[in-house]
2 protein chains.
Amino acid sequence: MEISAKELRKKLEENNIRPSFQRIKIFQYLLNNRCHPTVEMIYDELHKEMPTLSKTTVYNTLNLFDKANLVRVLSFDGVESRYDINTKDHGHFICESCSNIYDFPIDINSLRFSQLEDFEIKEKNIYFKGLCNKCIN
Amino acid sequence: MEISAKELRKKLEENNIRPSFQRIKIFQYLLNNRCHPTVEMIYDELHKEMPTLSKTTVYNTLNLFDKANLVRVLSFDGVESRYDINTKDHGHFICESCSNIYDFPIDINSLRFSQLEDFEIKEKNIYFKGLCNKCIN
DNA sequence: TTCTCTGCAAACGCTTTGCACGGAT
DNA sequence: ATCCGTGCAAAGCGTTTGCAGAGAA
C-alpha cells in the first residue's frame, strides 16, 4: 500500500513539479491520510519529523499541487480549506456535529440540469450537509 | 414586484427576527438584488442612504438570517462569502474568469448517490465551475 | 553562476468579538 | 429597569507576500 519515494518523485515529475524533499513528504502524507486534512494537520504531523518545515511551504506546495490538479481544494463555509487527493468524481458529506468529511460515490451523469448550454463546465462539485451516522443519535 | 416594508416586517417576525430598520433594509436589498451579493456590496449600497450603518451590523444581520434559513451562504474557494435569498433547489455556476455566479435549475432528485443510508441529509449543494457564455471566447 | 525552493516575519482581507451607547419593551 | 440592537475599534484567523539565505542545476 505504501508508495515508494521513487514512485512519488516520478509522479511529481510527470506533473512538472520538482520533487523536493518537502514536496515528496507532503504528497506522501496526502496519499496516506485520505481524511481531507487541513494545512494545520499536515503541518503538525510532518513538523514532528521535519522540525524546520514551515507552514508557508505547506501552503506553497498545496497551491502548487492544486494548480497541477494533483489535489482538489475543498472550502466550505469559510472555515479552513481541506485538501483531497482523490480526484475521481465523488460527493462530500460534511457532518455539522463532528465536522468530519465523508466521501461518497455519485453518478454525476445522472444529474439533470439546464440553462448552461453555452457554458464551459470544468468542474462539478457536490456536497451535502447534515448529521453523520455516528452523530445522528 | 417591490415588497412593502410592512410585508418585510411580517416575514421577519414570522422567523422570530425583530424587524429593526437595518434588518428590513438588508432583507429588502437581498430581495431586490438577486446577484449573490457580498457583504461589501450590501454595505456600500445601503451606506449611501444610511450613513451610520456599520459593516458589523450587516454581518450580524446576515448571520441572523442564515440561522433562520432566510438566506443561504455561499462560500467558494475561501474568497468572501456571498448571500443568496433564493432558497429553492438550484445549482450555482461560478465563472473562473469574471467571477459571476449564475443560478441554474437542477433536478436534485435525479442525482444518484450511495453510502449515506444512515446519514441525515439536511442540505444538498451543487456548484459547477468553468467559463460562462460571455467569457468563453 | 543562475535559478528555484525554503522559511521567517510581516502584511492582508474577511469576519468576529468586546464593549459602550441608545432605543425599545 | 432590563433587554436587545447598533456600531466603533480591536482582535482573530487562515492565507499570502516580501525577502534573504540555502540549495540544486
Side-chain angles (χ1 to χ4, degrees), chain A residues 5 8-9 12-13 15-27 29 36-68 70-84 94 99 101, chain B residues 5 8-9 12-13 15-29 36-68 70-84 99 101:
Chain A
L8 294 173
R9 197 179 300 268
L12 291 178
E13 280 173 341
N15 287 279
N16 297 312
I17 293 173
R18 296 194 193 201
S20 76
F21 181 64
Q22 287 88 338
R23 289 169 180 174
I24 291 170
K25 280 294 185 183
I26 292 168
F27 193 28
Y29 179 90
H36 319 88
T38 63
V39 164
E40 193 72 26
M41 289 162 73
I42 300 168
Y43 171 77
D44 282 354
E45 188 62 29
L46 293 182
H47 182 71
K48 291 176 190 166
E49 40 175 318
M50 307 162 67
T52 67
L53 179 69
S54 79
K55 252 184 210 176
T56 304
T57 298
V58 180
Y59 276 108
N60 287 341
T61 302
L62 292 171
N63 287 340
L64 199 66
F65 287 0
D66 181 29
K67 286 199 192 84
L70 277 179
V71 296
R72 202 197 284 186
V73 186
L74 311 178
S75 46
F76 316 103
D77 270 3
V79 298
E80 57 198 325
S81 295
R82 312 189 62 145
Y83 295 85
D84 189 0
I94 303 105
S99 298
I101 296 179
Chain B
L8 293 174
R9 197 180 300 269
L12 291 178
E13 280 174 340
N15 287 278
N16 296 312
I17 294 173
R18 298 196 189 199
S20 76
F21 181 65
Q22 288 88 339
R23 288 169 180 174
I24 289 170
K25 281 293 184 184
I26 292 168
F27 193 28
Q28 192 168 48
Y29 179 91
H36 319 88
T38 62
V39 165
E40 193 72 24
M41 290 163 72
I42 300 168
Y43 171 77
D44 282 354
E45 188 62 28
L46 294 181
H47 182 71
K48 292 176 190 167
E49 42 175 317
M50 307 161 65
T52 66
L53 179 68
S54 79
K55 253 185 209 174
T56 305
T57 298
V58 180
Y59 276 108
N60 286 342
T61 303
L62 291 171
N63 287 339
L64 200 64
F65 287 0
D66 180 29
K67 285 199 193 84
L70 278 179
V71 296
R72 204 196 283 187
V73 186
L74 311 178
S75 46
F76 316 104
D77 270 2
V79 298
E80 57 198 324
S81 295
R82 312 189 63 145
Y83 295 85
D84 189 0
S99 298
I101 298 180

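Lettering of chains follows the sequences in order, A, B, ..., and the numbering in each one begins at 1.
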**Request:** In whole angstrom, give the distance that lies between atom CG of A:Asn16 and atom C1' of C:dC5.
**Result:** 17 Å
**Request:** Not counting sequence neighbours, which residues clear side-chain hydrogen bond (donor to acceptor under 3.5 Å, both in side chains) with A:Thr56? List them please.
**Result:** none
**Message:** Main chain of A:Arg18, side chain of A:Arg23: is a donor-acceptor contact present, judged purely on distance under 3.5 Å?
**Reply:** yes
**Prompt:** Is any side-chain nitrogen or oxygen of B:Ser81 closer than 4.0 Å to OP1 or OP2 of C:dC14?
**Reply:** no
**Request:** For B:Leu74 and C:dC14, give me the distance from atom CG to atom C1', rounded to whole Å.
**Result:** 16 Å
**Asked** Picking from D:dC4, C:dC5, D:dG7, which would you name as closest to the side chain of A:Arg23?
**Response** C:dC5
**Item:** For atom CE of B:Met41 and atom C1' of C:dT15, their distance in whole Å
**Value:** 18 Å
**Complete:** A:Lys67 meets the salt bridge (Lys or Arg N to Asp or Glu O under 4.0 Å) criterion, sequence neighbours left out, with none
**Asked** C:dT6 phosphate, OP1 or OP2: any side-chain N/O from A:Ser20 under 4.0 angstrom?
**Response** yes
**Message:** Once ring pair (Phe, Tyr, Trp, His ring centres under 6.0 Å) is applied, do any residues pair with A:Tyr43, and if so which ones, sequence neighbours excluded?
**Reply:** A:His47
**Request:** Report the distance from atom CZ of A:Arg18 to atom P of D:dG23, rounded to the nearest whole Å.
**Result:** 17 Å
**Complete:** Sorted by number, residues from residues 42-64 of chain A placing a heavy atom under 4.0 Å from DNA chain D are A:Thr56, A:Tyr59, A:Asn63
**Request:** May I have the distance from A:Arg82 (atom CZ) to D:dC13 (atom P), rounded to whole angstrom?
**Result:** 18 Å
**Message:** I need the minimum non-hydrogen distance between B:Asn15 and B:Ala68, along with the two atoms involved.
**Reply:** OD1-O, 3.8 Å
**Request:** Find the distance B:Gln22:CD to C:dG22:P and express it as a whole number of Å.
**Result:** 15 Å
**Item:** Residues in side-chain hydrogen bond (donor to acceptor under 3.5 Å, both in side chains) contact with B:Asp84, at least two apart in sequence or another chain
**Value:** B:His90, B:His92
**Asked** Whole-Å distance between D:dA24 C1' and A:Leu12 CG?
**Response** 16 Å
**Message:** Among residues at least two apart in sequence or on other chains, which ones pass ring pair (Phe, Tyr, Trp, His ring centres under 6.0 Å) with A:Tyr83?
**Reply:** none
**Prompt:** For the pair made of CD in A:Glu40 and C1' in D:dT15, what is the distance, rounded to whole Å?
**Reply:** 12 Å
